[in-house]
Amino acid sequence: GKPAELQRPLVLRGNGDGSGHRIEVEQGELIRGSLFLLPRETGWIFDRGLIGFNQSADTLPDLPGLWIQGRLERLTPQDLAAWHSIWAVRGTPSGQPWTLPPWLGGIDLAVGVVEGPGLRQAGVQFALERSGAFPSLHLQAPALEGNVRMGANGNFWQVNLKHLDLDALQQATDSGNSATDSLPRSTLDPRTVPPVRLAAERVRYRGNDLGRMELQLQPTSEGAAMNGWTLEGPAVHLSGSGHWNRAGQDTQSDLAFHMETGDLPTLARRLGHPDAMDARRAAFTGRLNWPGAPWEVASERARGDFQLEADEGAIYLRETRPTTGVVMGLAGLYDLPRRLTHDFSGVFRPSLPFSRIRGDLHLERGVVETRMLHLEGPAADVRMTGTSDLRKRQFDQELVVTPGLSAGLALAATVAGGPIAGAAVFLGGKLWRQPMGRLVQIRYRLEGGFDAATLEREQGPFNLPETPRP
């Protein structure tokens, strides 16, 4: 039912003469208003007025039009739709439903909570005014601050933000919750969204600045196309495009992106991951789709494929691994330097150098499948497959390590009983054209919960002896 304040009767009081008529509006403490009408030959017309939410509205504004001020405890998409149905300009083309009526002078509102499917913001301020030919809206909230310049006759809306905080845009329900699929979705029809050009000077994530972002939203017959998406910062260059289309009674979003960096440790830290990998160049490419609006993306809903490339670098021993997202599919690789150093301290160092890494990952219904990840380096060749279940928070990954020439000889010596015997085994394999990987191969498995799983060594072809645990 209606809130208690809206269940109160709406009271109208009027007084005036032939030069004008003033109407007082009141509905409990929620709504107070003053409206002024002027006489014309055809009848009375509205001149100016003030509507106050949770505040007095005794004084008429100096400028013509209706001015809305005050404070609301809560604002939902249903509220906005109701407001829009009141001021919608009749005869507006279907692709331009956001044109403001000529009688609306401005809005200055503070809202305790703005919430809807997939979005929730506390402490939001709106200030809309008509400046020049087109209206301008100033927004201030935890997630963003900036101005929206509303276009007309098909012109783009220009959105200029001082900052955009991605953390503050997260869903009210933790994206790791298994009930994500049951969360309500936005009912906004992308075919009604105006064309938008967005520029955010500072994009923040986990308290870190990532760089400057630009995005263009262009209406299409099926919905909206997301073009020209870029993110430029000291540690990252990202570009992408996508769509937000109507699909029956629901909507569907898709995104393709390519991200490159020459400073992987800095980028990893700014994204909230351990800085365990360095590379001269690293790239991450992906294509994914999910039901709902673009801001409703969640690993439990999304489906996509990703490719990882890294050249000329190393993986360093760290005590932490990635904790969220698709990069959980690399957890075993992050654990490997610590495990190799522990098991074979005389053979491997606390870092694992590589000449190149290539990986293919797949995301579906909250499970990241590492279909194949291949690391090539002077100390070892590593191949990894397996899954990381983001819903159940469970790992099941297998790594096969094939030592390089010097490391393989050292391991063969360990098994065969000394360096001379090891060399004989190694050379015998070479002379008989047996690949080194079939002589010395170390298998590891990462199983268990995200917080408790450890990388354990399985017995290999040489039955390598277990190193006593500390």
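When only modelled atom types and interatomic distance are considered, Asp381 and His374 share a side-chain donor-acceptor pair under 3.5 Å. Side chain to side chain, Gln216 and Arg197 meet the donor-acceptor criterion of an N or O pair below 3.5 Å. Side-chain contact, Ser19 with Asp17: a donor N or O sits under 3.5 Å from an acceptor N or O. Remark: the Ser388 side chain and the Gln397 side chain contain an N/O donor-acceptor pair separated by less than 3.5 Å. A side-chain N or O of Glu232 and one of His237 form a donor-acceptor pair less than 3.5 Å apart. At a cut-off of 3.5 Å, with distance as the only test, a side-chain donor of His258 or Thr285 sits close to an acceptor on the other residue.
One N or O on the side chain of Thr192 and one on the backbone of Asp189 form a donor-acceptor pair closer than 3.5 Å. The backbone N or O of Met213 sits nowhere less than 3.5 Å from a side-chain atom of Thr230 that would complete a donor-acceptor pair. Not a single donor-acceptor pair under 3.5 Å links the side chain of Arg40 to the backbone N or O of Gly43. Checked by atom type and distance alone, the side chain of Ser56 never pairs as donor or acceptor with a backbone atom of Asp58 at under 3.5 Å. Side chain of Ser253 to backbone of Gly292: a donor-acceptor contact under 3.5 angstrom is found. Arg303 places no side-chain N or O within donor-acceptor distance of the main-chain N or O of Ser299, the cut-off being under 3.5 Å. Counting only distance, with no hydrogens or angles, the side chain of Ser34 and the backbone of Thr59 share no donor-acceptor pair below 3.5 Å.
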### Task
Decide salt bridge (Lys or Arg N to Asp or Glu O under 4.0 Å) for Asp62 and Arg48; before the verdict, give the C-alpha distance in whole Å, the side-chain angles of both, and the deciding distance to 0.1 Å.
CA-CA 8 Å; Asp62 295 330; Arg48 68 193 63 202; 5.9 Å; no
### Query
Going through the distances and angles, do Leu75 and Phe126 end up as a side chain to side chain contact (heavy atoms under 4.5 Å, CB included)?
CA-CA 12 Å; Leu75 189 63; Phe126 301 89; 4.1 Å; yes
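Heavy-atom neighbours of Arg287 CZ from other residues, nucleotides or ligands within 6.0 Å: at or below the threshold of 12.
No side-chain heavy atom of Gln69 sits less than 4.5 Å from a side-chain heavy atom of Ile51. Residues Asp167 and Tyr205 have side chains in contact (heavy-atom distance under 4.5 Å, counting atoms from C-beta outward). Between Pro9 and Gln27 there is no side-chain heavy-atom pair separated by less than 4.5 Å. Under the 4.5 Å side-chain criterion, counting only non-hydrogen atoms from C-beta, Phe156 is not in contact with Leu217. Looking only at side-chain heavy atoms (C-beta outward), Arg281 and Glu260 come within less than 4.5 Å of each other. Pro234 is listed as a side-chain neighbour of Arg270, based on a closest heavy-atom distance under 4.5 Å. Proximity of Leu375 to Ile315: side-chain heavy atoms (C-beta onward) are separated by under 4.5 Å at one or more points. Counting heavy atoms from C-beta on, the side chains of Trp290 and Leu288 come closer than 4.5 Å.
Using cut-offs of 30° and 60° for the angle between ring planes, the Phe257 and Trp229 rings count as perpendicular. Under the 30°/60° scheme for interplanar angles, the aromatic rings of Phe395 and Phe450 are found to be tilted.
Expressed to the nearest 0.5 Å, how far CD of Glu29 lies from CG of Asn54 amounts to 8.0 Å. Put simply, CG on Asp165 and NE2 on His163 are 6.0 Å apart, with the number rounded to the nearest 0.5 Å. The CG atom of Leu37 sits 7.0 Å away from the CH2 atom of Trp44 when rounded to the nearest 0.5 Å. Rounding to the nearest 0.5 Å places CZ of Arg191 at 10.5 Å from OG1 of Thr251. Annotation: the span from Arg365 atom CZ to Leu390 atom CG amounts to 13.0 Å, rounded to 0.5 Å.
Salt-bridge formation is not detected for the pair Arg356/Asp311: no Lys NZ or Arg NE/NH1/NH2 atom is positioned less than 4.0 Å from an Asp or Glu carboxylate oxygen. Electrostatic pairing of Glu201 and Arg212 counts as a salt bridge here, judged by a charged N lying under 4.0 Å from a carboxylate O. Ion pair Asp396/Arg445 flagged as a salt bridge, since at least one NZ, NE, NH1 or NH2 atom sits closer than 4.0 Å to an Asp/Glu carboxylate oxygen. Checked for salt-bridge contact, Asp389 and Arg391 miss the test: no charged N lies under 4.0 Å from a carboxylate O. A salt bridge links Arg318 with Asp275: the closest approach of a Lys/Arg side-chain nitrogen to an acidic carboxylate oxygen falls below 4.0 angstrom. A salt bridge does not link Arg13 to Glu24: none of the charged nitrogens lies less than 4.0 Å from a carboxylate oxygen. Of the charged side-chain nitrogens involved, at least one lies within less than 4.0 Å of a carboxylate oxygen, so that Asp209 and Arg202 count as a salt-bridged pair.
Between Pro294 and Met226, the shortest heavy-atom distance links the atoms CG-SD, 4.0 Å. Nearest heavy atoms, Trp244 versus Ala293: NE1-CA, 3.6 Å. Taking each heavy atom of Ala235 and Thr261 in turn, the nearest pair found is O-OG1, 2.5 Å.
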